[in-house]
Amino acid sequence: MAWNVFKFCTALRALGSIMIVLVLAVIGLTYYAVVIAHYGPSLFLGGFETFFAVVVLIVFHSLLVMLMWCYSSVVVTDPGGVPPNWRPLTDEEKGDADPLVGSSYGSAQLDPKQSAMVAASQEIRFCHKCKQFKPPRAHHCSVCRRCILKMDHHCVWVVNCVGALNYKYFLLFLFYTFLETTLVSLLLLRVFMEFFMEGEIDETPGSLAATFITFVLNIAFTLSILGFLIMHITLVGANTSTIEAYEKKTSPKWRYDLGGKKNFEQVFGLDKKYWFIPAYSEDDLRRMPALHGFEYPTRPDLEPLQQH
């Protein structure tokens, strides 16, 4: 019997807030191991140890604030959905006579001939699950059960889709998580080096166990997130999403690839003050339609490529 992928999608929906609780639990354990068990008490040792602890705690808390800010932004921000009855823009002279936008298509179905026309079109796309047209670069998410603007993937860790409106926040979450887990790994490595070199350490068994678990978890997260960061940096450089990267395998030319600098700006905006925070300036939101997920500039030298 063939495996039903939609059962997996149902399982992902069932996870719900469990993944958020898991993330918060890991953060809480890390906070205990770094701040309460080790570098908090070091504030009272005096000399270099106190100075080092102050620096560590400032950097640790700064990265933690940014991590939590970006994480909460990814979780609560709608990735961008297609409004009901959305229609692609057409030439005025076509008007209602256009077979793809006429009033007779207000219903959710297209007959075989019309479906063939949509399939043959380079620009106009129709979702047979949502029963409506969808903008360029939008894809249907079986977990969210709707089309997502410039969908990248559905992430179980944020219990949300990653799309046009929260992709930047997701990238920043990866960035600050990588910095934080790397810092924690190095800080706790110092503790274990002292333990193995001196043969003993002034800690309770419970505190030592929490420190060991935190160290292993943060090492694992550092290595895995590094791989994700490298992948997504490559995707941003090519102005593509994870889903589109698979679509591009059939054609080496990508109409949305505007060059490294412009591709970066399509995700992070033009205002440099906002590049490292989960927000956009009002000017960028006004002058960059791509940030809204419906319109994207393309290379004039390339013909439109088929999208699925």
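Quick caveat, the model's predicted, so the values are computed rather than measured.
Between M66 atom CE and Y176 atom OH the span is 3.5 Å, to the nearest 0.5 Å. Put simply, NE2 on H153 and SG on C141 are 10.5 Å apart, with the number rounded to the nearest 0.5 Å. The structure places CZ of R287 at 10.0 Å from CG of L285, a figure rounded to the nearest 0.5 Å. Separation of atoms NE2 (H139) and CD (E244) is listed at 6.0 Å; rounding is to 0.5 Å. One finds the CG atom of N239 at 5.5 Å from the CG atom of L258 (value rounded to the nearest 0.5 Å). Separating the CG atom in L226 from the OG1 atom in T222 is a distance of 8.5 Å, to the nearest 0.5 Å.
The backbone N or O of R286 lies less than 3.5 Å from no partner atom in the side chain of D284, so there is not a single donor-acceptor pair. In this structure a side-chain-to-backbone donor-acceptor pair under 3.5 Å is missing from S207 to A37. One N or O on the side chain of R125 and one on the backbone of A138 form a donor-acceptor pair closer than 3.5 Å. Listed for the N263 side chain is a donor-acceptor partner under 3.5 Å among the backbone atoms of G237. Remark: the backbone N or O of G259 is not paired with any side-chain donor or acceptor of K262 at under 3.5 angstrom.
Residues T30 and F60 share a closest heavy-atom pair of CG2-CE1, 4.2 Å. Pairing each heavy atom of V82 with each of F133, the nearest pair is CG1-O, 3.7 Å. The shortest heavy-atom contact between N166 and N160 is ND2-ND2, 3.6 Å. The shortest non-hydrogen separation linking A53 to S42 is CB-CB, 3.8 Å. Between F264 and V236, the closest heavy-atom pair is CA-CG1, 4.0 Å. When every heavy atom of A33 is checked against every heavy atom of T214, the shortest pair comes out as CB-OG1, 3.6 Å.
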Q.
Pair V158, V23 - check side-chain contact (heavy atoms from CB on, under 4.5 Å), show working.
A. CA-CA 9 Å; V158 302; V23 170; over 6 Å; no
Q.
Go through it in stages, so that I can follow the logic: the residues are I27 and L67, the test is side-chain contact (heavy atoms from CB on, under 4.5 Å), and I'd like the CA-CA distance, side-chain angles, deciding distance and then a yes or no.
A. CA-CA 10 Å; I27 293 175; L67 185 159; 4.1 Å; yes
Q. What do the steps show when you test V159 against V75 for side-chain contact (heavy atoms from CB on, under 4.5 Å), and what is the final call?
A. CA-CA 7 Å; V159 198; V75 171; 5.6 Å; no
Q.
Using the rule given for side-chain contact (heavy atoms from CB on, under 4.5 Å), can you reason through V162 versus H154, listing the C-alpha separation, both sets of side-chain angles and the distance that settles it, and then say yes or no?
A. CA-CA 6 Å; V162 177; H154 187 94; over 6 Å; no
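Using a 4.5 Å cut-off on side-chain heavy atoms (C-beta onward), L187 and H38 make no contact. Within the 4.5 Å cutoff, the side chain of F268 has heavy atoms near those of the L172 side chain. Looking at L174 and F178, their side chains never come closer than 4.5 Å, going by heavy atoms from C-beta outward. Contact of the L235 side chain with the D152 side chain is registered, since non-hydrogen atoms from C-beta on lie closer than 4.5 Å. Counting heavy atoms from C-beta outward, F294 and P289 have side chains that stay 4.5 Å or more apart. The shortest distance between side-chain heavy atoms of R137 and M151 does not fall below 4.5 Å. Put simply, the side chain of P135 reaches to within 4.5 Å of the side chain of L149, judged on heavy atoms. In this structure the side chain of T182 never reaches within 4.5 angstrom of the side chain of S185, judged on heavy atoms.
Judged by the 6.0 Å distance and 45° axis criteria, K168 is positioned over the aromatic ring of Y280.
Between R190 and E49 a salt bridge is recorded (basic side-chain N to carboxylate O distance below 4.0 Å).
Within the structure, side chain to side chain donor-acceptor pair (under 3.5 Å) contacts touching residues 60-77 (residues at least two apart or in different chains) are Y31-H61. Sequence neighbours left out, not one pair with a member in residues 288-298 passes side chain to side chain donor-acceptor pair (under 3.5 Å). Here side chain to side chain donor-acceptor pair (under 3.5 Å) pairs that include residues 265-275, with residues two or more places apart or in two chains, are K261-E265, D271-K273. Residues in residues 179-189 take part in no salt bridge (charged side-chain N to carboxylate O under 4.0 Å, His left out) pair, two or more places apart or across chains.
Note: F173 and F170 have tilted aromatic rings, judged against thresholds of 30 and 60 degrees for the angle between ring planes.
Taking T177 as the reference, nothing meets the side chain to side chain donor-acceptor pair (under 3.5 Å) condition, with sequence neighbours excluded. In this structure, the side chain to side chain donor-acceptor pair (under 3.5 Å) partners of Y167, at least two apart in sequence or on a different chain, are H232.
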